[in-house]
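Below, chains carry the letters A, B, ... as their sequence lines are ordered, and counting in each starts from 1. Please read all numbers here as calculations on a predicted model, not as lab measurements.
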Protein chains: 2
Amino acid sequence: MAVVDRRQQVLQAATKSFSLFGYKATTMDQVAKIANVGKGTIYTFFTNKEQLFDEILREVMMDMKVIAEREIRRERSFFENLHRVLDALLEFRSEHELFIKLSQESRDFGTPQANEGLDKLENVVLEYLQREVEHAMDQGEVKPCDPKIVSLVMFRLYIVLTAELNRVHEPLTKEQIKNYFHLFLAEGLAE
Amino acid sequence: MAVVDRRQQVLQAATKSFSLFGYKATTMDQVAKIANVGKGTIYTFFTNKEQLFDEILREVMMDMKVIAEREIRRERSFFENLHRVLDALLEFRSEHELFIKLSQESRDFGTPQANEGLDKLENVVLEYLQREVEHAMDQGEVKPCDPKIVSLVMFRLYIVLTAELNRVHEPLTKEQIKNYFHLFLAEGLAE
DNA sequence: GATTGACCGAAATAGTAAAACAGTCATATC
DNA sequence: GATATGACTGTTTTACTATTTCGGTCAATC
């Protein structure tokens with residue numbers, strides 16, 4: 001069995017365990033067992049638990065970037081691209097399961113590694129948003145304003161519409177999310 | 001010393017203690033001491049710690065409503081009123097200290113009473129916002145859409161601009177908050 | 001030379017004794 | 001005799017300790 005293969009086995013097992021149980025509740029013995037590998041083997045590829053977790057986050061972030069790039073059509077409008085990308089990210093199960101589990105862990109225990117992980121994932125999205133906003137502003141598609149603020153507001157709005165709202169309201173359809181996203185960000189409420 | 005007076009003493013002392021130490025870390029002995037009252041006296045006015053806390057929340061919520069009503073000028077536009085009210089509420093320190101302490105407690109310990117208290121305070125604001133949105137929609141000042149969703153988005157946007165943003169950005173001035181609030185909610189970003 | 005699991009010290013958890021707490025009520029006060 | 005009080009009580013929380021679990025190592029194994 002090739003070296004790359006064992007490394008992959010470990011990464012897959014760890015991804016599964018982190019997504020299922022979170023950072024704290026994932027033990028290295030467990031990862032070794034799921035990966036069908038001696039515990040020591042893990043440490044030939046990764047220096048410690050935290051670095052293994054970082055590696056997985058790196059993979060997730062790379063996946064997210066690939067997904068985002070794939071969905072962008074430069075000939076389409078900024079808002080259309082924006083929604084397509086967010087939609088595609090929402091669709092992606094594996095990224096999402098880890099994200100949700102880490103959110104739970106952050107809320108319930110405040111595990112520092114879960115917090116930092118979430119921050120990293122969030123920052124990838126924010127940086128992507130910021131670049132796109134800047135581009136759209138250059139193109140004159142968006143009014144001039146601080147891209148940092150705009151991207152943060154966009155991200156939060158997306159979270160509110162896709163997650164938070166569900167506590168007081170039945171979940172919105174994709175079409176509704178798209179419409180409200182456009183209503184608030186593009187058109188504005190004023191009649 | 002009149003009955004009303006002692007009740008007021010207890011309420012003031014409890015408000016102080018809850019604002020300073022939160023729900024969990026406030027003891028009835030402490031409240032009695034601050035109020036210069038025997039502990040038993042508290043229980044002649046309030047059935048238990050939780051009901052005392054509820055009573056204080058009720059007071060805070062009433063204050064908030066009074067503040068909101070006072071700021072509304074029916075001859076002015078919806079967005080102007082909206083901003084004036086949120087501004088006035090932000091200004092109101094005493095309510096704010098309790099709010100901030102409860103937020104801390106909710107984050108650090110997840111005390112159920114702190115969570116419920118925050119939900120109650122939030123709901124007062126949300127209900128107020130919803131009513132105002134409905135009124136503005138009737139007046140044709142705002143495009144027709146679900147007031148529940150709009151009010152939640154407004155509230156979250158307000159939190160992002162006044163609090164969350166400060167972690168990655170220097171705090172905005174009141175004027176800037178007002179401008180961004182108007183930009184996102186009223187005008188929209190699209191050029 | 002790659003892989004492993006028994007092994008180690010550190011860290012988390014469970015168990016327990018002690019302290020603090022919410023709420024009561026017999027007594028004190030006016 | 002109506003009101004106020006703090007010592008008292010059963011329960012919960014906390015502080016402390018014993019035990020277990022876990023991350024990481026490394027001599028033995030394949």
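- Whole-Å rounding puts the K33(B) NZ to dT5(D) C1' distance at 15 Å.
- Comparing M28(A) and G40(B) against DNA chain D, the residue whose closest nucleotide sits nearer the 5' end is G40(B).
- Between the P atom of dC26(D) and the CD1 atom of I42(A) lies a distance of 17 Å, rounded to the nearest Å.
- Comparing T41(A) and K24(A) along DNA chain D, the residue whose closest nucleotide (by nearest heavy atom) sits nearer the 5' end is K24(A).
- Distance from the side chain of Y43(A) is smallest for dT25(D) among the nucleotides dT25(D), dC21(C), dT5(D).
- Taking atom CD of Q30(B) as the reference point, atom P of dA20(C) lies 14 Å away to the nearest angstrom.
- Aromatic ring centroids of F184(A) and F184(B) lie 6.0 Å or more apart.
- Nucleic acid contact for T47(B): none, since no nucleic acid atom lies under 4.0 Å from a heavy atom of the residue.
- Atom pair E50(A):CD and dA11(C):P shows a separation of 14 Å (rounding to whole Å applied).
- Here the C1' atom of nucleotide dT3(D) and the CG atom of N36(B) are 17 Å apart, to the nearest Å.
- With respect to E122(B) and R156(B), a salt bridge is recorded, a charged nitrogen being found less than 4.0 Å from a carboxylate O.
- Between F45(B) atom CZ and dT24(C) atom P the separation is 16 Å, expressed in whole Å.
- Ion pairing of K148(B) with E134(B) is absent here, as no side-chain N (NZ or NE/NH1/NH2) approaches a carboxylate O to less than 4.0 Å.
- In this structure, N48(B) places its CG atom 15 Å from C1' of dT11(D), rounding to the nearest Å.
- For R7(B) and E55(B), the salt-bridge test passes: some basic side-chain N is under 4.0 Å from an acidic carboxylate O.
- Side-chain nitrogen and oxygen atoms of R6(B) include at least one within less than 4.0 Å of the OP1 or OP2 phosphate oxygen of dA4(D).
- Rounded to a whole Å, the NZ atom of K39(A) is 7 Å from the C1' atom of dG24(D).
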